[in-house]
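Just below is one structure, and these are the notes that go with it.
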Amino acid sequence: MGDVAKDLASGTVGGAAQLIVGHPFDTIKVKLQSQPAPLPGQPPKYAGAMDAVRQTLAAEGPRGLYKGMGAPLATVAAFNAVLFSVRGQMEALLRSQPGAPLTVNQQIVCGAGAGVAVSFLACPTELIKCRLQAQSALAGSTSASPAVKYGGPMDVARHVLRSEGGVRGLFKGLVPTMAREVPGNAAMFGVYEALKQFFAGGQDTSKLGRGSLIVAGGLAGASFWFSVYPTDVVKSVLQVDDYKNPKFSGSVDAFRKILASEGVKGLYRGFGPAMARSVPANAACFLAYEVTRSSLG
C-alpha cells in the first residue's frame, strides 16, 4: 500500500474510534452553546452539562446523545483521509530525507496545512450535525419564526439546499470553521509530537507503547479545544442561526453580541463537555491511527 492509502485507512479507523467515544460529549457541548439566551429573570434551558444530559436522556433516551452522528460518520472516511493524507504529504515535503523524523515546529506546520484542507469538509458536516443536535435546545426559542424540525442528516441538507441559499448555505460558518481547524490542528499535532518525543527521550518515537500514545493523544486533543474554543462557539451559533430572521450578520457580529450579552463566559458555553470529550476521544483516535498505520507497515 502507498503512504496515502495507508493514511486513508488508518485515519478512517482513528476517526471512527474518535466519533464513537466522543459524540455524546459533543452533543451536550452543542446544546449548551446553542441554547437561546434566557429572558431577564428566567433560568436558561440547561443549568449546566449534567442538567443537559439529564434532560436529553429524559426526553430522547440514550439515542438523543448520538443525534447528528450520521453526518460525521458518513463523512469520517473523507474527513480523515484529507486530514491525515495532507499531513502525511506535508511531512514528506518537509523531511530532509526519506524516513527522517520531523521537529515539533515542522509538525505544527503540517497540522496547520491539514487544517486548511479539512475545513471545507468539516463546515457542511458540522452544520448538519449542529442543526440536529441543537434542535431540541432551540425548541423554546423566542425567534419570530418557529424552529425547523429535521428528520435526519439528509433532511437538513435538503432543507438548506432548498431554502437557505443552495450549496452556499451548507458552507455557512466556513470562516470560523477555518479559524478553528487551522490553529487547532497546528496545536494538536505539535503537542502530540512534543509529548511523543518527550516520552521517547528523543525524536525516534517508533518504540512507544500504547499507554504513552493514549496520554499523548488525549492531551493533544485537549490542546486543540483549549486553543480555539471561543471560535467553535461562534461557529455553532452561526450554523444554527435562523436563516430568515438571523441574530448575527457574521462571525465578528456574533462574537461581539455574545461578549456584550454574556461576557467572556458566553464564549465558553459547553467548554466542560468539550474538554471532557477531547481527552478520551482523541486518545482513541490517535491510538487507533497509530496501531492501524503500524500494522500496515
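- Partner of Glu290 under the salt bridge (Lys or Arg N to Asp or Glu O under 4.0 Å) criterion, chosen from Arg210, Lys196, Lys207: Lys196.
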Practice task
For the pair Arg95 and Leu102, evaluate side-chain contact (heavy atoms from CB on, under 4.5 Å) and give the outcome as yes or no after the intermediate values.
Solution key: CA-CA 7 Å; Arg95 281 194 177 97; Leu102 298 184; 3.5 Å; yes
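- Under the side chain to side chain donor-acceptor pair (under 3.5 Å) criterion, the residue pairs touching residues 218-233 are Lys29-Asp232, Gln33-Tyr229, Gln33-Asp232, Arg180-Asp232, with sequence neighbours excluded.
- Taking a cutoff of 4.0 Å between a charged side-chain nitrogen and a carboxylate oxygen, Lys67 and Glu60 qualify as a salt bridge.
- Not counting sequence neighbours, the partners of Ser163 by the side chain to side chain contact (heavy atoms under 4.5 Å, CB included) test are His159.
- Note that CG of Asn282 is 12.5 Å distant from CD1 of Ile214, once rounded to the nearest 0.5 Å.
- Of all the heavy atoms in Ser34 and Val30, the pair that sits closest is OG-O, 2.6 Å.
- Following chains of ILVMFWY side-chain contacts shorter than 4.5 Å, one can reach Phe79 starting from Val228, so the two form part of one hydrophobic cluster.
- With Ser295 contributing its side chain and Thr292 its backbone, the two residues share a donor-acceptor pair below 3.5 Å.
- Residues Asp204 and Pro101 are not in side-chain contact: their nearest non-hydrogen atoms beyond the backbone lie 4.5 Å or more apart.
- Atom OG of Ser236 and atom CG of Leu32 lie 11.0 Å apart (nearest 0.5 Å).
- In this structure the side chain of Val109 never reaches within 4.5 angstrom of the side chain of Asn105, judged on heavy atoms.
- Put simply, the side chain of Gln35 never gets that close to the backbone of Pro44: no donor and acceptor are under 3.5 Å apart.
- To the nearest 0.5 Å, the span separating OG on Ser278 from CG on Leu219 amounts to 9.0 Å.
- Linking ILVMFWY residues whenever their side-chain heavy atoms come closer than 4.5 Å, directly or via other members, leaves Val279 and Val215 in distinct clusters.
- Put simply, the side chain of Thr27 gets close to the backbone of Leu65: a donor and an acceptor are under 3.5 Å apart.
- Judged purely by atom type and a 3.5 angstrom limit, Glu126 has no side-chain atom pairing as donor or acceptor with the backbone of Lys235.
- At a threshold of 4.0 Å, the pair Asp3-Arg293 counts as salt-bridged, since one of the basic side-chain nitrogens sits closer than that to a carboxylate oxygen.
- Listed for the Asp241 side chain is a donor-acceptor partner under 3.5 Å among the backbone atoms of Phe248.
- In summary, the side chains of Glu91 and Gln107 do present a donor paired with an acceptor at a separation below 3.5 Å, with no hydrogens or angles considered.
- Lys257 approaches Lys247 most closely through the heavy-atom pair NZ-O, 2.7 Å.
- For Ser119 against Leu174, the heavy-atom pair with the smallest separation is O-CD1, 3.8 Å.
- Classification of the Phe286-Phe84 ring pair by plane angle, with boundaries at 30° and 60°, yields perpendicular.
- Val191 and Phe198 fall within the same hydrophobic cluster, defined by Ile, Leu, Val, Met, Phe, Trp and Tyr side-chain heavy atoms under 4.5 Å apart, directly or through other members.
- With a 6.0 Å radius and a threshold of 12 heavy atoms from other residues, nucleotides or ligands, Phe271 has its CZ atom above the threshold.
- Hydrophobic clustering, with ILVMFWY side chains joined whenever heavy atoms are under 4.5 angstrom apart, keeps Leu94 apart from Val104.
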Handout entry: side-chain contact (heavy atoms from CB on, under 4.5 Å) evaluation trace for Tyr268 with Val233
Key = CA-CA 7 Å; Tyr268 285 88; Val233 173; over 6 Å; no
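- One finds the CZ atom of Phe171 at 10.0 Å from the CG atom of Leu127 (value rounded to the nearest 0.5 Å).
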Problem - Steps toward side-chain contact (heavy atoms from CB on, under 4.5 Å) verdict (Asp51, Arg54) - result: CA-CA 5 Å; Asp51 185 46; Arg54 284 192 292 267; 3.9 Å; yes
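- Leu83 has its side chain out of reach of Arg87: every pair of non-hydrogen atoms, C-beta onward, lies at least 4.5 Å apart.
- Between the CE atom of Met178 and the CZ atom of Phe120 there is a distance of 3.5 Å, given to the nearest 0.5 Å.
- Cluster membership check: Met275 shares its hydrophobic cluster with Val264, using side-chain heavy-atom separations under 4.5 Å among Ile, Leu, Val, Met, Phe, Trp and Tyr.
- Summarising the geometry of Val21 relative to Ala284, their closest heavy-atom pair is CG2-CB, 4.0 Å, with the distance given to 0.1 Å.
- Counting heavy atoms from C-beta outward, Lys31 and Lys45 have side chains that stay 4.5 Å or more apart.
- The heavy-atom pair separating Gly190 from Ile108 by the smallest distance is CA-CG1, 3.6 Å.
- Across Gly22 and Ala281, no two heavy atoms sit closer than the pair CA-CB, 3.8 Å.
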Practice task
Evaluate the criterion side-chain contact (heavy atoms from CB on, under 4.5 Å) for residue pair Cys123 and Gln239; output intermediate values, then yes/no.
Solution key: CA-CA 9 Å; Cys123 186; Gln239 290 185 324; 3.8 Å; yes
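- Note that the OH atom of Tyr192 and the CG atom of Leu213 stand 4.5 Å from one another [nearest 0.5 Å].
- In this structure, the side chains of Gln203 and Thr103 come closer than 4.5 Å at one or more pairs of heavy atoms.
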